[in-house]
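To start, the structure under review is shown below, and the notes come after it.
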Amino acid sequence: MPGSLVTTAWAMDDGAKLYARHCAACHGSRGTGGVGVPLALPDFLAAADDDFLRKTIRLGRPGRVMPAFRQLSDAEVGALVRYIRGWAPAGASGAAIEKSSIKGNAGHGEKLYARYCTACHGVHGEGGHGTGVTFSRPRDLPVLAPALNNPGFLAAASDAMIKITLMRGRRNTPMPSFLRLGLKEQDIDDLVAYVRAFKPETLPDPAPSMADEPPVIERVSPYDMDKTVERLKEAIGAANMRLIRSEVFDRTFSDDGRENRRHVVVDSCDFNFLNQALKIDPRVGLFLPCRFTLSERDGKVSVSTINPKRLSAIFNNSELNRLCDKMHKVYVDILEEATF
Ligand code: HEC
Ligand code: HEC
């Protein structure tokens, strides 16, 4: 393609790329679920309008695994929403939801909730524990019930969204249709009123000072970019971490068309560690994916990664801190192995 020399390899407004970068590790590359609940679910997309998607991406689900993506621009969030909307079967866009206000009796809703919902969503709407889905195939997969008393969920969900979810259920997940289970539409309105009145559980205090730990761990490589990438991948394998992907950014091309690498990102994950850590504290999802960044400046290649110790300060959980220490050692070993 003459005349279209690429200076920035990834278009910032490309929803597919943004999704692959920020979401696929948890929600699956085609939205079929993973650590996160499935998003490419017709019943979900029929209930969730664009505003719900936008707010969920922005606010996340504080205290749960779903991070808040505050760093993305409005255009990027818009591109993500369009990309996710593209999975909806024709005619199933959230826009079709009736917006009329729903009048329910929260007192009656509470009784129904105790009877029909607590087993999965918890007595106070605190949700199931663990992660969204197993890593196995869909169908009989145990999708985790989301927290309904979550400030992120309550701020994102309209009454209509909750109502549609209760009426339709979400086929291929454990969430049933309560119309099919025999509840009347008025019962469903009562449940909506009750869920709407959930008080968000109080969130832990803001992070203590993290000033002591550097935000990143970095090592300078004696090798060129290709060799360093190769050694890094070997070191990741040797540490029993699974390589998720490796992507080159900020490519430029010299006159003869040769690629001049500047910036490579390598994502990997230790799923054992991840599962252990998620059991201790689901917010550990903020670590994902374990990312190594290689950059070349003035012919010198350096490799860096976030410092898990610095992140662990956010969580204020001593059990988790021990795991973060362990992860810190693993990261340092990998960087030193790659640049030795
Ligand atoms: C660290 C894992 C993780 C990442 C990364 C992540 N999510 Fe999530 N997401 C989850 C989990 C887990 C839930 C379910 C929340 C709960 O259990 O309370 C969720 C919930 C959601 C929901 C609400 C689904 C529903 O049924 O209401 C949407 C929408 C969503 N995520 C979109 C995204 C998008 C878009 C991205 C990327 C920008 C993203 N997520 C990145 C883990 C993740
Ligand atoms: C058998 C377990 C189960 C029962 C019983 C159940 N749910 Fe769910 N519910 C789920 C699961 C799992 C999901 C997530 C489905 C998905 O992947 O999209 C869910 C999703 C939801 C959502 C959407 C949350 C979100 O983040 O988008 C709402 C609202 C909800 N349930 C309300 C209720 C209410 C109210 C009841 C009782 C009337 C109820 N559920 C009963 C398992 C259950």
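Numbering of ligands and ligand atoms starts at 1, following listing order.
With sequence neighbours left out, R219 forms a salt bridge (charged side-chain N to carboxylate O under 4.0 Å, His left out) with E336.
The backbone N or O of V37 lies less than 3.5 Å from a partner atom in the side chain of H27, making a donor-acceptor pair.
Heavy-atom proximity to L80, at under 4.0 Å, picks out these atoms of ligand 1: 38 (C). Atoms of ligand 1 found under 4.0 Å from any heavy atom of I57, numbered from 1 in the order shown, are 35 (C). Within the listing of ligand 1, atoms 29 (C) sit less than 4.0 angstrom from a heavy atom of L53. Residue contact check: H22 has heavy atoms under 4.0 Å from atoms 5 (C), 37 (C), 38 (C), 41 (C) of ligand 1.
Among the backbone and side-chain atoms of H27, an N, O or S atom lies under 2.8 Å from atom 8 (Fe) of ligand 1.
Each of L335, T293, V216 was scored for a side-chain contact (heavy atoms from CB on, under 4.5 Å) with T305, with one residue passing: L335. Checking each of L80, L59, D49, V77 against R54 for a side-chain contact (heavy atoms from CB on, under 4.5 Å) leaves exactly one that passes, namely V77.
A salt bridge links R58 and D74; the closest N-O separation between the charged side-chain nitrogens and carboxylate oxygens is under 4.0 Å. In summary, D325 and K329 do not engage in a salt bridge, as defined by a charged side-chain N under 4.0 Å from a carboxylate O. Using a cut-off of 4.0 Å between Lys/Arg side-chain N and Asp/Glu carboxylate O, D189 and K103 are scored as not salt-bridged.
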Would you tabulate the polar-atom pairs, meaning N/O of ligand 2 against N/O of the protein, with distances under 3.5 Å, reported to 0.1 Å?
unit_1	atom_1	unit_2	atom_2	d
ligand 2	7 (N)	H121	NE2	2.8
ligand 2	9 (N)	H121	NE2	2.8
ligand 2	18 (O)	R170	NH1	2.6
ligand 2	26 (O)	R61	NH1	2.9
ligand 2	26 (O)	R61	NH2	3.3
ligand 2	27 (O)	R170	NH2	3.0
ligand 2	31 (N)	H121	NE2	2.8
ligand 2	40 (N)	H121	NE2	2.8

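Here I84 has side-chain heavy atoms under 4.0 Å from ligand 1, and that is the only part of it that gets that close.
Counting heavy atoms from C-beta outward, L154 and F198 have side chains that approach closer than 4.5 Å.
In the model, D190 has a side-chain atom that pairs as donor or acceptor with a side-chain atom of Q186 under 3.5 Å.
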